[in-house]
Chemist: 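I'd like to ask you about the structure that follows.
Positions are given from 1 along the sequence. Keep in mind that this is a model prediction, so the values were computed, not measured. When reading the values below, keep in mind they use all heavy atoms of this one structure, side chains included, and skip hydrogens, waters and symmetry mates.
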Amino acid sequence: MFVILLGALAFGIAQAGIAERFEVKDRPEGQYELPQSMVGGARITEPVRIEPYSQLKFQNIVRQAYDYSCGSAALVTLLVNYLGLDVNEQQAMEGMLERGEKEKIIERRGFSLLDMKRYVASLGIESGGFRAEVKDLLALDHPAIVPIDYAGFKHFVVFRGIRDELVYLADPSAGNIVLSVDEFASLWDRNTLFVLYPQKNRPALGKLALTDRELGVFDMDRVRDQANLQPLGNAYLMERAVNSGFGGVYLRRN
C-alpha cells in the first residue's frame, strides 16, 4: 500500500510539473502557437507573425462598398493612405454628387475623373489629369489613379509602382494585385493618369509605396507559369536544419 501511495504521489507531482510548464495561455490578437510538427524538429530562432490573407489582400486599400463605387474608393485610398486626410467613401460619394454633374453620374452609375477633380478641389487639394506611357510610370515616384478597361467594364485602380517588369496596383474590388507590364498596358484605358498633389503643410504618407519586403499578392497561376520549382537538395536541407539552431551549431558563408 505504501508503494502504491508513493507511486500516486510521484505521478501527481509529475503531472503538476507538466501542467505548469505547458500551461495554455491566452494569446494577444495576431499571435499564434505553432506546434513543432508544423515547423520542424529544431527550435525556432525567429519570431513568426501571421496575418489573415483577407487583411493582407486589402492592406492600405479602401474596399469599394458598391459595384459602381470603384472611383470613390480609389480616390479615398489616395486621400487617406497617401495624403493623410480623414475622409471615408460615403463622404467622397456625397461630395462628388454635390459638386459633379449629378444626372450624368446617375446615368452612368459611376464617377468620372472630372467629378474627382472637383471634389478634391473643395478639400484644398490640387490635382491633374495626364496622358502618359509606361516609361512615364517608371519615373513616377508617387501613386496615382488609373482607369482600366477590363472585360468591357470601366474600372478605377490605384497605380503603386513598377518593379521587375510587374505593375503593382491597389484595386478597390480585388485588393493588392500584380500584372505584367504588357498585360497592364493592354488594359490601361486611353493611357490616362490622375495625380493628387500633397498639401504644403501636410507631408505625404508612404503607405502605398513599394517596399523592400513587398509581397504583391501574386496570382498562383502566374507563379506556376513563370517559376520552375525544383525539390530541395539534401545539402540545402541539412544546412537549413543546422542554421536553425539544431545541436547549437551554425554555418556561415564567407
Side-chain angles (χ1 to χ4, degrees), residues 54 57-134 136-137 140 142-162 167-179 183-199 202 204-205 207-209 217:
S54 57
K57 184 76 170 171
F58 282 90
Q59 187 174 31
N60 297 324
I61 298 176
V62 175
R63 192 167 187 172
Q64 64 186 76
Y66 307 97
D67 292 341
Y68 54 84
S69 65
C70 60
S72 56
L75 180 61
V76 175
T77 295
L78 277 184
L79 291 175
V80 173
N81 295 309
Y82 175 54
L83 298 185
L85 272 63
D86 184 13
V87 60
N88 58 44
E89 185 184 11
Q90 185 64 36
Q91 292 171 330
M93 293 174 65
E94 292 174 356
M96 286 189 282
L97 281 170
E98 179 182 348
R99 294 168 178 80
E101 298 174 307
K102 188 172 183 178
E103 293 183 358
K104 290 186 177 181
I105 293 174
I106 295 175
E107 181 181 354
R108 63 174 175 261
R109 295 180 59 82
F111 300 102
S112 67
L113 293 177
L114 181 58
D115 298 325
M116 297 182 196
K117 184 175 180 62
R118 288 171 174 169
Y119 171 63
V120 298
S122 70
L123 302 177
I125 303 296
E126 295 185 9
S127 62
F130 306 92
R131 293 289 296 274
E133 302 293 337
V134 171
D136 299 316
L137 297 181
L140 195 65
H142 52 78
I145 294 177
V146 294
I148 61 175
D149 190 342
Y150 184 73
F153 294 94
K154 304 295 183 180
H155 186 53
F156 286 110
V157 297
V158 176
F159 168 82
R160 297 181 56 209
I162 298 178
V167 180
Y168 288 77
L169 303 174
D171 189 327
S173 66
N176 285 294
I177 61 174
V178 179
L179 302 175
E183 187 176 6
F184 170 77
S186 68
L187 300 176
W188 193 6
D189 186 19
R190 291 178 291 183
N191 288 44
T192 305
L193 189 71
F194 184 64
V195 177
L196 303 183
Y197 298 102
Q199 296 171 303
R202 188 190 296 266
L205 305 179
K207 293 183 178 181
L208 293 170
V217 191

Chemist: Please check if the side chain of Arg108 supplies one atom and the backbone of Gly110 the other of a donor-acceptor pair under 3.5 Å.
Modeler: yes

Chemist: Applying side chain to side chain contact (heavy atoms under 4.5 Å, CB included) between Gln199 and each of Leu85, Leu83, Leu123, report the one that passes.
Modeler: Leu85

Chemist: Under a 4.5 Å cut-off applied to non-hydrogen side-chain atoms, are Arg131 and Leu193 in contact?
Modeler: no

Chemist: Does some side-chain heavy atom of Val167 sit less than 4.5 Å from a side-chain heavy atom of Glu183?
Modeler: no

Chemist: Where do Val158 and Pro143 come nearest, in terms of heavy atoms and distance?
Modeler: CG1-CB, 4.0 Å

Chemist: Determine whether more than 12 heavy atoms belonging to other residues, nucleotides or ligands lie under 6.0 Å from atom OH of Tyr150.
Modeler: no

Chemist: Which pairs pass ring pair (Phe, Tyr, Trp, His ring centres under 6.0 Å) with one or both residues in residues 96-134, sequence neighbours excluded?
Modeler: none

Chemist: Checking Glu133 now: which residues fulfil side chain to side chain donor-acceptor pair (under 3.5 Å) with it, not counting sequence neighbours?
Modeler: Asn191

Chemist: With rounding to the nearest 0.5 angstrom, report the CD1 to CZ distance, Ile177 to Phe184.
Modeler: 9.5 Å

Chemist: Quick check for you: to the nearest 0.5 Å, what is the distance between Ile106 atom CD1 and Lys104 atom NZ?
Modeler: 13.5 Å

Chemist: How long is the straight-line distance from CD1 of Ile125 back to CE of Met116, given to the nearest 0.5 Å?
Modeler: 15.0 Å

Chemist: Got a donor-acceptor contact below 3.5 angstrom from the Glu94 side chain to the Gln91 backbone?
Modeler: no

Chemist: Side-chain contact, heavy-atom cut-off 4.5 Å: His142 with Leu140?
Modeler: yes

Chemist: Looking at CG of Asn81 and CD1 of Ile61, how far apart are the two atoms once the value is rounded to the nearest 0.5 Å?
Modeler: 8.5 Å

Chemist: Got a sec: does the CZ of Arg118 have more than 12 other heavy atoms crowding it under 6.0 Å?
Modeler: yes

Chemist: Do you know the tightest heavy-atom contact between Arg160 and Ala209?
Modeler: NH2-O, 3.4 Å

Chemist: Under a 4.5 Å cut-off applied to non-hydrogen side-chain atoms, are Lys117 and Ser112 in contact?
Modeler: no

Chemist: Ignoring hydrogens and angles, tell me if any N or O in the side chain of Glu89 forms a donor-acceptor pair with the backbone of Ala65 under 3.5 Å.
Modeler: yes

Chemist: CD/Gln64 to OG/Ser173 distance, rounded to the nearest 0.5 angstrom?
Modeler: 5.0 Å

Chemist: Distance-only, no hydrogens or angles: does the Arg99 side chain make a donor-acceptor pair with backbone N or O of Ser122 under 3.5 Å?
Modeler: no

Chemist: Is the shortest heavy-atom distance from the side chain of Asn60 to the side chain of Thr77 under 4.5 Å?
Modeler: no

Chemist: On a heavy-atom basis, which atom in Ala73 and which in Pro172 lie closest, and how many Å separate them?
Modeler: CB-CB, 3.6 Å

Chemist: Does some side-chain heavy atom of Val134 sit less than 4.5 Å from a side-chain heavy atom of Ile162?
Modeler: yes

Chemist: Quick one: CZ on Phe153 to CD1 on Ile148, what's the gap to the nearest 0.5 Å?
Modeler: 12.5 Å

Chemist: Below 4.5 Å, heavy atoms only, C-beta onward: do Phe159 and Leu169 meet side chain to side chain?
Modeler: yes

Chemist: Among residues two or more places apart or on two chains, list those pairs meeting ring pair (Phe, Tyr, Trp, His ring centres under 6.0 Å) that have a residue in residues 68-100.
Modeler: Tyr66-Tyr68

Chemist: Looking only at atom types and distance, does a side-chain atom of Asn176 sit under 3.5 Å from a main-chain N or O of Lys57, one as donor and one as acceptor?
Modeler: yes

Chemist: Which atoms form the tightest heavy-atom contact between Ser127 and Leu196, and what is the distance?
Modeler: CB-CD2, 3.6 Å

Chemist: Does some side-chain heavy atom of Leu75 sit less than 4.5 Å from a side-chain heavy atom of Phe156?
Modeler: no

Chemist: Any idea which heavy atoms bring Leu205 and Gly84 closest together, and the distance?
Modeler: CD1-CA, 3.6 Å

